[in-house]
Q: 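The structure's right below; bear with me while I get my questions together.
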Amino acid sequence: MPATTTTAKQDPASDHIDGTPANGPRHVAIIMDGNGRWARMRGRPRLFGHHAGARRVREIVEACPDLGVRYLTIFAFSTENWKRTQAEVSGLMSLFRRYITREARALRDEGVRVRFIGDRVRLDDKLIALMDELEAMTAGNDRVHLTIALNYGARDEVARATRRLAEDVAAGRLDPGDVDVETLPRYLDTRVLPDPDLVIRTSGEARISNFLLWQSAYAEYEFIDTLWPDFTADEFARLVHAFGGRERRFGAVKA
Ligand code: FPP
């Protein structure tokens, strides 16, 4: 099934909206970190920080078209986040349900196409139904492609992809000799997305924490001190513009 889906074009300049720099990042991925510390600094519970973080998402999504960012992928919940307290996990799940319910219409009307990546098996049925509904109601949109990583872990994604690839080999649909670097990405959750050009992590931690490991092989990284609930469209714009000044060689030598 996944092997037949199309992969977006990888030419970094190909999809840029008129008037935006062709050397800007077409796909930005963000590790939204620091909600807990932001809340603690205010003497409030961690979930207070997550709610503030959720409110930031809209501002950043809305900033994308003017910056020429066509694809935005955000890390909302990792496969490791289940290790948090039961209260925080259920609070986050309820926040995701509320976020989808409240934002769905605005996202649709603003031309945002929403996709979810990650493994749905541990998510509750109500949340899965809302995710399906939001994907379906925004499926015709093309202005910004927002991908929300929910119960996502890159190692888990690669393991699931490899399992499906092995099933295709076992069923005779795929020749092992044909498996190369073009093949595996067609089985990843991100198979219809271009690779991220820029990965941003907020809150001062310089780690990628199991996020888009395969896809970000040639991404540029920005680790910034700002806590996610304080991250503004202005700071986002500054990072996007700074990307335009970087020289990307993809392993080649400068001509
Ligand atoms: C990391 O901060 C953040 C999360 C695990 C959750 C991310 C969720 C949101 C930003 C809100 C919801 C998003 C959507 C799409 C509705 P942390 O808790 O690890 O912060 P800390 O490192 O300061 O403790």
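Order of appearance sets the numbers: ligands from 1, and atoms from 1 within every ligand. The figures that follow rest on heavy atoms only: side chains count, while hydrogens, waters and symmetry mates do not.
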Q: Quick test: of every protein heavy atom, which one is nearest to atom 11 (C) of ligand 1, and how far off is it to 0.1 Å?
A: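 The closest heavy atom on the protein side is H50 O, 3.5 Å.
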Q: Evaluating non-hydrogen atoms only, which member of W228, W38, F96 is closest to atom 13 (C) of ligand 1?
A: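 The option holding the nearest heavy atom is F96.
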Q: Which heavy atom in E222 sits nearest to a heavy atom in A242, and how many Å separate them?
A: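 What the structure gives for the nearest pair is OE2-CB, 4.4 Å.
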Q: Going by the order shown, which atoms of ligand 1 are within less than 4.0 Å of some heavy atom of D33?
A: 1 (C), 2 (O), 17 (P), 19 (O), 20 (O), 21 (P), 22 (O)
Q: Applying a strict 4.0 Å limit to heavy atoms, is S203 in contact with ligand 1?
A: no
Q: Could you find the nearest protein heavy atom to atom 20 (O) of ligand 1 and give me its residue, atom name and distance?
A: G36 N, 3.0 Å
Q: Where does R46 meet ligand 1, judged by heavy-atom distances below 4.0 Å: at the side chain, the backbone, both, or neither?
A: side chain
Q: Can you tell me which residue and heavy atom of the protein come closest to atom 15 (C) of ligand 1, and the distance to 0.1 Å?
A: I74 CD1, 3.8 Å
Q: Is the shortest distance from a Lys or Arg side-chain nitrogen in R207 or D33 to a carboxylate oxygen in the other one below 4.0 Å?
A: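 D33 and R207: not salt-bridged.
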Q: Can a salt bridge be assigned to the pair D230 and R56 using a cut-off of 4.0 Å between side-chain N and carboxylate O?
A: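 Salt bridge: no.
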Q: Among all protein heavy atoms, pick the one closest to atom 9 (C) of ligand 1 and tell me residue, atom and distance.
A: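 So the nearest neighbour among protein heavy atoms is N35 ND2, 3.6 Å.
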Q: Output yes when a side-chain donor or acceptor of E157 lies under 3.5 Å from a complementary backbone atom of D189, and no otherwise.
A: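 Looks like yes, one N/O pair under 3.5 Å.
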Q: On the 0 to 90° scale, with breaks at 30° and 60°, tag the W38-F48 ring pair as parallel, tilted or perpendicular.
A: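 Rings of W38 and F48: parallel, under 30°.
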Q: Could you pull out, from A76, G53, S209, G34, the option with a heavy atom nearest to atom 7 (C) of ligand 1?
A: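 When every heavy atom of A76, G53, S209, G34 is considered, A76 comes closest to atom 7 (C) of ligand 1.
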Q: Given 3.5 Å as the limit, does a donor-acceptor pair link the side chain of R191 with the main chain of L188, or not?
A: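 Yes, the answer is positive, given that a donor and an acceptor are paired below the 3.5 Å cut-off.
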Q: Charged N to carboxylate O under 4.0 angstrom, R55 versus E103?
A: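 No, no charged N to carboxylate O under 4.0 Å.
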Q: Should the pair R164-E167 be classified as a salt bridge under the 4.0 Å nitrogen-to-oxygen rule?
A: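 Salt bridge absent between R164 and E167.
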Q: Show me which atoms of ligand 1 lie under 4.0 Å from any heavy atom of Y99.
A: 16 (C)
Q: Assess R84 for proximity to ligand 1: is some non-hydrogen atom of it under 4.0 Å away?
A: yes
Q: List ligand 1 atoms under 4.0 Å from R37, heavy atoms only on the residue side.
A: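 In order of numbering, the contacting atoms are 21 (P), 22 (O), 23 (O).
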Q: Counting only heavy atoms closer than 4.0 Å, does ligand 1 sit against the backbone of N81, its side chain, both, or neither?
A: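 Answer for N81: side chain.
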Q: Is a donor from one side chain sitting under 3.5 angstrom from an acceptor on the other, for T138 and N141?
A: no
Q: Could you tell me the residue and atom name of the protein heavy atom closest to atom 1 (C) of ligand 1, and the distance to it rounded to 0.1 Å?
A: M32 O, 3.3 Å
